There are 4 protein chains.
Amino acid sequence: MSLSVGVYGGSGYAGSELVRLLSAHPKVGSLSVASRGYAGRAVTEVYPHLVYGGEYVLPERIDASGLDVAFVAYGHRESAETVRELLEAGAGLVVDLSADFRLPEVGMYEEWYGAHPAPELFGEAHYGLPEVFGAAQGRRIIANPGCYPTAALLALAPVVRRAGGISSVTINALSGVSGAGAKPAVKTHFVSANENANAYGVSDGETNHRHTPEIETMLRRVGECPAVTFVPHLIPATRGEFETITVEFEGEVPDAREVLGWYAEDYGGWRFVEARENVPQLAHVANTNRARLSAANDRRAGKLVLFAALDNLLKGASGAAVQNMNLALGYAEDLGLEWLA
Amino acid sequence: MSLSVGVYGGSGYAGSELVRLLSAHPKVGSLSVASRGYAGRAVTEVYPHLVYGGEYVLPERIDASGLDVAFVAYGHRESAETVRELLEAGAGLVVDLSADFRLPEVGMYEEWYGAHPAPELFGEAHYGLPEVFGAAQGRRIIANPGCYPTAALLALAPVVRRAGGISSVTINALSGVSGAGAKPAVKTHFVSANENANAYGVSDGETNHRHTPEIETMLRRVGECPAVTFVPHLIPATRGEFETITVEFEGEVPDAREVLGWYAEDYGGWRFVEARENVPQLAHVANTNRARLSAANDRRAGKLVLFAALDNLLKGASGAAVQNMNLALGYAEDLGLEWLA
Amino acid sequence: MSLSVGVYGGSGYAGSELVRLLSAHPKVGSLSVASRGYAGRAVTEVYPHLVYGGEYVLPERIDASGLDVAFVAYGHRESAETVRELLEAGAGLVVDLSADFRLPEVGMYEEWYGAHPAPELFGEAHYGLPEVFGAAQGRRIIANPGCYPTAALLALAPVVRRAGGISSVTINALSGVSGAGAKPAVKTHFVSANENANAYGVSDGETNHRHTPEIETMLRRVGECPAVTFVPHLIPATRGEFETITVEFEGEVPDAREVLGWYAEDYGGWRFVEARENVPQLAHVANTNRARLSAANDRRAGKLVLFAALDNLLKGASGAAVQNMNLALGYAEDLGLEWLA
Amino acid sequence: MSLSVGVYGGSGYAGSELVRLLSAHPKVGSLSVASRGYAGRAVTEVYPHLVYGGEYVLPERIDASGLDVAFVAYGHRESAETVRELLEAGAGLVVDLSADFRLPEVGMYEEWYGAHPAPELFGEAHYGLPEVFGAAQGRRIIANPGCYPTAALLALAPVVRRAGGISSVTINALSGVSGAGAKPAVKTHFVSANENANAYGVSDGETNHRHTPEIETMLRRVGECPAVTFVPHLIPATRGEFETITVEFEGEVPDAREVLGWYAEDYGGWRFVEARENVPQLAHVANTNRARLSAANDRRAGKLVLFAALDNLLKGASGAAVQNMNLALGYAEDLGLEWLA
């Protein structure tokens, strides 16, 4: 079988990586790309640093009819509209990389993002973190997880699933500058971002990054969990994401070695998630579809510390999206992704 | 008055910065530098990136007699021996940049560093974080604080001093690569550190960075405080340090605006510490002797989040050392440091 | 005497550095800044990485009347108009950082930049590279040199002045990303510029950077010189400029040691230009107002190779502008710049 | 057929990349690696930033008998000894990544490197730049070209082959820090190399990089060429190499468009070399086995300017080595390298 695949939003970093991965995928027969921002320009001119192993000109529009799979990489709200149009046009499967179908209830979505443009589709989406929630099993929409939630959920789900009495979760995340998006801005100018670092996702004296409710609600699907604190930081690297997660318990604190055992148990059958005794490094996972986990105890303070690293544009976005497509269609999860393992 | 000043350990990054600052200080009449590692080499050849505003050849040894002030920038244990020799040789004031005189009890020192070479001097040292603990007031030894503790204590002390019922403190710190020292190693090779980031200070499944007890014991001088969790990270920048500190309370959580008020109250009279509503950025403080603070609430999770940024080699080491000398000798705290304000 | 000084164009990198330098200058009594792009914003918010040692809000307009000295840091053509307005308003001295008054003839200007808005002022400008062309001596306009020409002329002028028969000059220049300007763009996005490098100043198959005629015509003021080849490159650093210049001769090639002697002769009395046997490094001059020079022979190919390094925003722009003001007003060249020496 | 392959010197950057490429190569049945420096350590611990897509522990020694192909990535002189041992042990093909068999005469080798340990093998080596000199055709030794010569020869050979009267060649090269080797040193410390750049390959006032004679002698195999000037520079990037080459002629200067036509003619049938009108960028070729070329005229100065970019560790070392093996054994040149194209 040869798939007809479309990418909507090919000019952002995630879309650009998607096109790179899909154009080398053995099951993709025809690939169409829609990009408004950079239509007509060669992808290597627009994103020299991110794209290699291929060269293509970004088109503006594509025909939705007859697509087996469509990937939507627009901003939130606009994505949901496009998803509806694609389903109406008969697309078999839509993988949405925006936040539009990640949250479990429309009310929660509206609190963080505003009115939802396609609330009737809310229930159809599968949250595409397969190592925690399995394959899509016939759903028409896959909500591709946010990059920060991917790392947080991979590290936390095995703990939340087994250990009771979690009283506090604090997530400190570091992200490369590609996480701030492709649109040129003062904060992403080389001169601003180089030799700099800062926490963000704070306004009016409140931490309020939109990935916070996504992390919480997905954790609560696997066990009991309090509200989590989430503070992201920008660091002067192009890609990659590193999370240090501190967990406190009402009762006994699990031993880090036991946690490593839980990781092995839960992720042993999966190709792209791996736990080790050593703290991971961002460079171990950059340019791969792998997530690496580790755990340590702070016995003096009585806390568990978890570490997770992944590439925000691959396992945190486009690599996971292709992995989700593979699983939904019954292929091996790493088909076309072997060289990123 | 014209001071005779010596620097012991001029070849590390802190020592190199010390020499730069002292050679431009208006009260320093004669400056001697001892460097074993790079004796005979021009400082700009050894540290091109760090040193500007001057040029000098690093000598190997200097004569201790007649020094008004000596700065010791050797590693721990060796520093304490040098401090003893300097005091015996008649040095009026010794500013020690190592960890040797920072902890309050010899027993605690031995637990983290091994046997102390000069335990009889332990009681003579003043912990040199003047914005929290004042000037040295006649002590012969100033223990210059660690870079991580400086940021943590500046952010936490006003809170610990006023707010009761602190139940948890989690410090996530980011440091530029100069914090890992000047000795060439695989981990500090440009190819290893560039496009990389990771948590460190973890071994055998335990968080165990030596700055942890320094932070805790100094906090307990100003109020009640539980054991703190401290996880440092290396990021691909040359200099600077950023800390995100999450504080939990048994009772009511102070409002971030109230905390900003406490900062203004405690640090209003000091030149080099400043709090603002906006989260600080590492680039705001790099190459300066300033520390910048901020605070936010996580109302959903019921926590207080504090932010602190400073330059690890200046306010976190050599700038603070000169500031400490200034205060101990009765000068303005920013004498010779005005251009770093 | 206390100067009333204005800066026009305070929101670019050069303007921002100018304000930093002037606000610490001992002779500047009142400083006004006009910035359209970032009016009303704190300079550290806009340029966190470049600005330290001060904090100020960028205003939009300033009153030109009564200014002793005005600095103009607008783009070309707009600068010339502002210079005319300022002179008409009675400004005593105008230092123009644009290209508008650098070239010796209006015709040459028009070939590279288009119609000149104030051709009647062309003859009034002094080309402000004092180490080669001396102080302004009563002229009302100082044309502050381009960053690339500054490095090229400092390295080449002593050779062109003495050695006859130069048959070829090839200048390869490296520049940090601040040289590409403050306006956010795809090419200066951190993700584009990091881990990247390329030659630029080429279009339609022709090298054509506008600094080329400036270099040539200024060299011809001191001696005979053929048309020069100039190829600039962007490298992933924030600031600094490095030039490698290959010179060929019809007759005998001067020895590198002899060239070092010429440098010592010509620049011995100047504070900010220094030649050494060792090849300079960009980090030796970044964040300083210094230029460093060196020379080598390629005996196999029969060529002379010159090296020059400076900070593009200081000695290549704002530092030189303040130095030019100092000299024009009879102050020491390094007044207010001592800490950048 | 399934190959038995050995890598000698697996702990350097080139060796580490070789292992990565060979472990994913479809014809490699058994792969052995010898590393002294890092024997027993996981490659991702030693080179986190360079190695992805695999994980292996570096062994110290391997058995040479029965190897179909051996790659030698030791330093010069030691490599030649290993090559002799391998051939004596019966290895079918040896690809040497050192400089030991690149030069055409033993005398020239001795002038730049000292006594040659295996002069009797000198004549057996094929210079492995296939796009210029074809496949190895039965030779037992392939001398894998230096990274700088690869870029220079790809850009220059088509010109030297066709255009007479070349009077001057000046090569300015930029290299990422991985080009300076894996051994930790002050100059490759992150703090030294970050925000820095400089020319190197100069000593005692002479340009004298050892790649100079390699470039010259190989160019003279395809046409007439004067002694070349070669000045390499280090820039703050991990990998990649960019060369700007200025060529002067006694007679008419070829038009850049004509040169692009020559490139298309010579390289049209090769997968990994490509010429374009736009100046290449280092990020276009980093992490690929591609070389990109371009050309421009400097009509004012009457010169031709050539541009070449490649990844120093792939097309400039290990990627080319695997490509050379492929061609020597009759496989497609890009076998196992498709994802780097």
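Because the structure is predicted, anything quoted here is derived from the model rather than measured.
- Between D/Val202 and the options C/Val279, C/Asn297, C/Asp298, C/Val305, a side-chain contact (heavy atoms from CB on, under 4.5 Å) holds for only C/Val279.
- Contact check for C/Ser168 versus D/Lys303: side-chain heavy atoms found under the 4.5 Å cut-off.
- Heavy atoms of other residues, nucleotides or ligands lying less than 6.0 angstrom from CD of D/Glu110 number more than 12.
- Here C/Thr229 contributes atom OG1 and D/Arg300 contributes atom CZ; the two are 8.5 Å apart, rounded to the nearest 0.5 Å.
- For D/Glu206, the parts sitting under 4.5 Å from any heavy atom of chain C are the backbone and the side chain alike.
- Between chain C and the options D/Ala199, D/Pro280, D/Ala301, heavy-atom pairs under 4.5 Å are most frequent for D/Ala199.
- Remark: D/Glu248 CD to C/Thr170 OG1 distance equals 5.5 Å, nearest 0.5 Å.
- Interface remark: of the candidates D/Gly240, D/Ala309, D/Pro236, D/Pro236 forms the most heavy-atom pairs closer than 4.5 Å to chain C.
- Within 6.0 Å of CD in D/Glu265 there are more than 12 heavy atoms belonging to other residues, nucleotides or ligands.
- The NE2 atom of D/His233 sits 11.0 Å away from the CG atom of C/Leu282 when rounded to the nearest 0.5 Å.
- C/Ala256 approaches D/Gly205 most closely through the heavy-atom pair CB-O, 4.2 Å.
- For a residue to count as touching a neighbouring chain, one of its non-hydrogen atoms must lie under 4.5 Å from one of that chain's; by this rule D/Ala296 touches chain C with backbone and side chain alike.
- Listed here is the closest heavy atom pair of D/Asp204 and C/Arg257: O-NH2, 4.1 Å.
- D/Asn208 contributes atom CG, which lies 11.5 Å from atom CZ of C/Arg299 (distance to the nearest 0.5 angstrom).
- When the candidates C/Thr244, C/Leu234, C/Val228, C/Val231 are compared by the number of heavy-atom contacts under 4.5 Å with chain D, C/Thr244 comes out ahead.
- Going from atom OG1 of C/Thr246 over to atom CD1 of D/Ile171 covers 10.5 Å, rounded to the nearest 0.5 Å.
- Both the backbone and the side chain of C/Ala227 come within contact range of chain D, each with at least one heavy atom under 4.5 Å from a heavy atom of that chain.
- Taking CD1 of C/Ile235 as the start and CD of D/Glu195 as the end, the distance is 8.5 Å to the nearest 0.5 Å.
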